[in-house]
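Since the model is a prediction, treat every value here as computed from it, not as a measurement. Below, read A as the first sequence line, B as the second, and so on, with proteins coming before strands; counting in each chain starts at 1.
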There are 2 protein chains.
Amino acid sequence: MKAEPPQSTGNTAAQTRVIEAAVALFGEHGIGGTSLQMIADSIGVTKAAVYHQYKAKDAIILAVAEAVMAGLEEGVTAAEGERSRARARDVLIAHMIDLAVERREWAGVLQRDPIMLRCLQEHARFRDVMKRVNRTLIGGAPDPRTRVLAATLAATIAGAVIHPLVADLDDATLRAELWRHIRKMLPSR
Amino acid sequence: MKAEPPQSTGNTAAQTRVIEAAVALFGEHGIGGTSLQMIADSIGVTKAAVYHQYKAKDAIILAVAEAVMAGLEEGVTAAEGERSRARARDVLIAHMIDLAVERREWAGVLQRDPIMLRCLQEHARFRDVMKRVNRTLIGGAPDPRTRVLAATLAATIAGAVIHPLVADLDDATLRAELWRHIRKMLPSR
DNA sequence: GTCTATAAATCGATAGAC
DNA sequence: GTCTATCGATTTATAGAC
């Protein structure tokens, strides 16, 4: 267990610089509107240096997806360890809120950009995580009402944190208020 | 008052074909990831024919924004005519839900794509509509709690309708269930 | 790990015929 | 309203020196 700089992914410092710059640009111009030239300029290197870290643009997109999905998988794994389905759902929601609030721009890119959504659907590993998330959010019977609730919860968490109206709020306030509003939608309380 | 084919915008048939194809492709690949070549191929014409309808890609984006924002402005105008702020908010939410449910892919593109978001912020006309929407949603004092609620409402409506979990639901069911969950978040009920 | 240089493809956009 | 043909800029991606 060495001290790993930022996240605990097996990335070099140069790779971390690339994906951090990529996420910022993806959020600002969209993935399709972000060129490798823009990423290279943002870091202060040339395109060729970026290609040395990731052999294609798709690999960068994949690395971004990997970084955020790791946090989500961690949350759903913790949730699945709970005793009741209601507790599991609450634990997952808490994890999702923490994740979304702490990395607001990241959450935006991941759940919003069509190219990222396609990336998440194309890789079985990501699809599996999303399936577990949805199953935990739904809890029991997948009737229309519960499915709309699950979709509403996911959309709320991912979408509210990047709304201009809350851009100036600090993490603690946003997290607390988000919890307050979401809790009112949950049954049996 | 002549009988206008689809929407009541002053568009020719060829222009309508272009923006309908554009919206579909924008939703699938993102705006930045959609080329005029793709739009032209989708309609079955050449790029030059598309350029004859809209002199630039920005003009197409603008036309898409115009089409959806027209519906939103209609809703907020109707809401502002209500007597109480609470009623105004409810009327606006109802309009937003109708709009989002009926044109699900449209809602996705409009509120999700970074390029579209920038387009909405750059044009004073759109910024003004969004300001009226936010003011109506907030109702009174813009304290953090109310602002998070407004952000949550907007994010929920726009995001839930395009979630995969509800893709197979018909409009009436989705609308009703969405109302049910959102109503629980509203105060004084 | 970063650079220069360049290939091959595609992009947005325009000109002019029909 | 649509076409062919093309320009110039930009894109992804590669080769090879340091």
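- Remark: B:Thr46 is not in phosphate contact with D:dT2, judged by side-chain N or O atoms under 4.0 Å from OP1 or OP2.
- In this structure, B:Tyr54 places its OH atom 17 Å from C1' of C:dA13, rounding to the nearest Å.
- If you measure from atom CD1 of A:Ile43 to atom C1' of C:dG1, you get 12 Å, rounded to the nearest angstrom.
- Spacing between atom CG of B:Leu36 and atom P of D:dC3 amounts to 14 Å, rounded to whole angstrom units.
- Atom-to-atom, OH of B:Tyr51 to P of D:dC3 comes out at 15 Å; the value is rounded to the nearest Å.
- Under a cut-off of 6.0 angstrom, the local environment of CD in A:Glu74 is sparse, with at most 12 non-hydrogen atoms contributed by other residues, nucleotides or ligands.
- Remark: A:Gln15 is not in phosphate contact with C:dG1, judged by side-chain N or O atoms under 4.0 Å from OP1 or OP2.
- Considering only the side chain of B:His52, D:dT2 comes nearest among D:dT2, C:dG12, D:dT12.
- Of the candidates D:dA13, C:dT2, C:dA13, the closest approach to any side-chain atom of A:Lys47 belongs to D:dA13.
- In the set D:dC3, D:dT12, C:dC11, the nucleotide with an atom closest to the side chain of B:Gln37 is C:dC11.
- Mapping A:Gly32 and B:Gln53 onto DNA chain D by nearest heavy atom places B:Gln53 closer to the 5' end of the strand.
- Atom pair B:Ile39:CD1 and C:dC11:C1' shows a separation of 12 Å (rounding to whole Å applied).
- A heavy-atom distance below 4.5 Å is found between the side chains of B:Ile60 and B:Val50.
- Note on A:Ser35: a side-chain N or O is less than 4.0 Å away from OP1 or OP2 of D:dT11.
- Between B:Thr12 and D:dG1 there is a side-chain N or O to OP1 or OP2 distance below 4.0 Å.
- Residues B:Tyr54 and B:Ile19 form a side-chain contact, since some pair of their non-hydrogen atoms from C-beta on lies under 4.5 Å apart.
- Residues B:Arg132 and B:Thr77 are in side-chain contact: their nearest non-hydrogen atoms beyond the backbone lie under 4.5 Å apart.
- Of the N and O atoms on the side chains of A:Thr156 and B:Thr152, not one donor lies less than 3.5 Å from an acceptor on the other residue.
- For B:Ala48, the listed nucleotide lying nearest its side chain is C:dT14; candidates were C:dT4, C:dT14, D:dT12.
- In this structure, the CG atom of B:Asp58 is 11 Å from the P atom of C:dG12, given to the nearest Å.
- Comparing D:dT2, D:dA13, C:dA13 against the side chain of A:Lys57 picks out D:dA13 as the nearest.
- The separation between B:His29 atom NE2 and C:dT10 atom C1' is 15 Å, rounded to whole Å.
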